[in-house]
Engineer: 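To start, I am sharing the structure in question, which I have written as structure tokens.
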Amino acid sequence: MTIRINHQKVHPQIFETMMKLETLITESGLDPTLYNLIKIRASQINGCSFCIDMHAKELQRKGESLDRILLLTVWREVPIYTNAEKAVLELTEYVTRVAEDGVPDHVYQNVLQYYSEKEFLTFIMAINTINSWNRLGIATGMFPGCFL
């Protein structure tokens, strides 16, 4: 496999802009584990192997259990995620697939049971950011290990 375009070399401003979004989110106080769960779940939906690989390995390095990484695709069926995490994972799925059903009111209300409106907006930006990374990665042909 070969990468189509190395976006970092061809158009570094794109990478810098994406990194500014990452900085905004990481400096917001969003729990890094939850952010990585968001990244993995959105990447699974979008089929971005590069991002799934990167963020799963990042969680593993930080000591997250293998079960919580591997079972993320079936988060509704296992008792290893908190209700607050489940609310955000559901939001992640709806925002990632926004053209299908929008974001129903019950999803919004469920998130607000655990988080503030400001945190809700941070989640939206976090989900938008990983969706942008996924689209950049898939369109340019990125795959695990392509930059090694």
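Note that the structure is predicted; figures quoted are calculated from it, not measured.
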Engineer: Within the side chain of Tyr35, is there an N or O that forms a donor-acceptor pair under 3.5 Å with the backbone of Phe123?
Structural biologist: no
Engineer: List the residues meeting side chain to side chain contact (heavy atoms under 4.5 Å, CB included) with Ile3, not counting sequence neighbours, and say none if there are none.
Structural biologist: Met142, Cys146, Phe147
Engineer: Which residue pairs satisfy the salt bridge (Lys or Arg N to Asp or Glu O under 4.0 Å) criterion with at least one member in residues 45-56, sequence neighbours excluded?
Structural biologist: Asp53-Lys57
Engineer: Same cluster or not: Ile52 versus Leu89, using hydrophobic residues (I, L, V, M, F, W, Y) connected whenever any side-chain heavy atoms lie under 4.5 Å apart?
Structural biologist: no
Engineer: By the rule that ILVMFWY residues connect when side-chain heavy atoms come within less than 4.5 angstrom, directly or transitively, which residues belong alongside Leu70?
Structural biologist: Leu66
Engineer: Could you tell me if the side chain of Ile138 sits less than 4.5 Å from the side chain of Trp133, heavy atoms only?
Structural biologist: no
Engineer: Between atom OG of Ser43 and atom CG of Asn36, what is the distance when rounded to the nearest 0.5 Å?
Structural biologist: 10.0 Å
Engineer: Pair Trp75, Glu85 - check side chain to side chain contact (heavy atoms under 4.5 Å, CB included), show working.
Structural biologist: CA-CA 9 Å; Trp75 61 267; Glu85 289 171 330; over 6 Å; no
Engineer: Mind checking the OG1-CD spacing from Thr92 to Gln44? Nearest 0.5 Å is all I need.
Structural biologist: 11.0 Å
Engineer: Tell me the salt bridge (Lys or Arg N to Asp or Glu O under 4.0 Å) pairs involving residues 104-129, sequence neighbours left out?
Structural biologist: none
Engineer: Drop me the distance from Leu91's CG to Tyr115's OH, to the nearest 0.5 angstrom.
Structural biologist: 10.5 Å
Engineer: With sequence neighbours excluded, what pairs up with Asn83 under the side chain to side chain contact (heavy atoms under 4.5 Å, CB included) test?
Structural biologist: Lys86, Tyr114
Engineer: Can you tell me how far CD1 of Ile40 sits from CD of Glu64, rounded to the nearest 0.5 angstrom?
Structural biologist: 8.5 Å
Engineer: Could you list the residues that satisfy side-chain hydrogen bond (donor to acceptor under 3.5 Å, both in side chains) with Asn46, not counting sequence neighbours?
Structural biologist: Asn131, Asn134
Engineer: Quick one: are His55 and Ile130 in side-chain contact, heavy atoms under 4.5 Å?
Structural biologist: yes
Engineer: State yes or no: do Met54 and Leu136 share one hydrophobic cluster built from I, L, V, M, F, W and Y residues joined by side-chain heavy-atom distances below 4.5 Å, directly or via other members?
Structural biologist: no
Engineer: With sequence neighbours excluded, tell me which residues meet side chain to side chain contact (heavy atoms under 4.5 Å, CB included) with Arg97.
Structural biologist: Arg41, Ile45, Glu93, Glu100
Engineer: Hydrophobic cluster membership, with links at side-chain heavy-atom distances under 4.5 Å among I/L/V/M/F/W/Y: are Phe15 and Ile25 in one?
Structural biologist: yes
Engineer: Just jot down the salt bridge (Lys or Arg N to Asp or Glu O under 4.0 Å) partners of Glu58, sequence neighbours excluded, or say none.
Structural biologist: Lys62
Engineer: Which heavy atom of Tyr81 sits nearest to which heavy atom of Leu71, and what is that distance?
Structural biologist: OH-C, 3.4 Å
Engineer: If hydrophobic clusters are built from ILVMFWY residues whose side chains come within less than 4.5 Å, do Ile127 and Leu24 share one?
Structural biologist: no
Engineer: Rounded to the nearest 0.5 Å, how far does CD1 of Ile69 lie from CG of Leu37?
Structural biologist: 8.5 Å
Engineer: Can you name the residues that form a side-chain hydrogen bond (donor to acceptor under 3.5 Å, both in side chains) with Thr23, not counting sequence neighbours?
Structural biologist: none
Engineer: Under the salt bridge (Lys or Arg N to Asp or Glu O under 4.0 Å) rule, what pairs show up with a residue in residues 16-37, not counting sequence neighbours?
Structural biologist: Glu22-Lys39
Engineer: Would Arg68 and Gln60 count as a side chain to side chain contact (heavy atoms under 4.5 Å, CB included) if you check the C-alpha gap in whole Å, the side-chain angles of each, and the deciding distance to 0.1 Å?
Structural biologist: CA-CA 10 Å; Arg68 282 177 44 92; Gln60 193 174 28; over 6 Å; no
Engineer: Quick one: closest heavy-atom pair of Ser132 and Met18, and the distance?
Structural biologist: CB-CE, 3.5 Å
Engineer: Using 0.5 Å steps for rounding, measure from the OG1 atom of Thr33 to the CG atom of Leu59.
Structural biologist: 6.0 Å
Engineer: My understanding is that only residues two or more places apart in sequence, or in another chain, count here; which of them pass side chain to side chain contact (heavy atoms under 4.5 Å, CB included) with Glu77?
Structural biologist: Val74
Engineer: Verify the cluster assignment for Leu112 and Val88: are they in a single hydrophobic cluster under the rule of side-chain heavy atoms below 4.5 Å apart?
Structural biologist: yes
Engineer: Output the rest of the hydrophobic cluster of Val10: all Ile, Leu, Val, Met, Phe, Trp and Tyr residues reachable through side-chain heavy-atom contacts under 4.5 Å, sorted by chain and number.
Structural biologist: Ile5
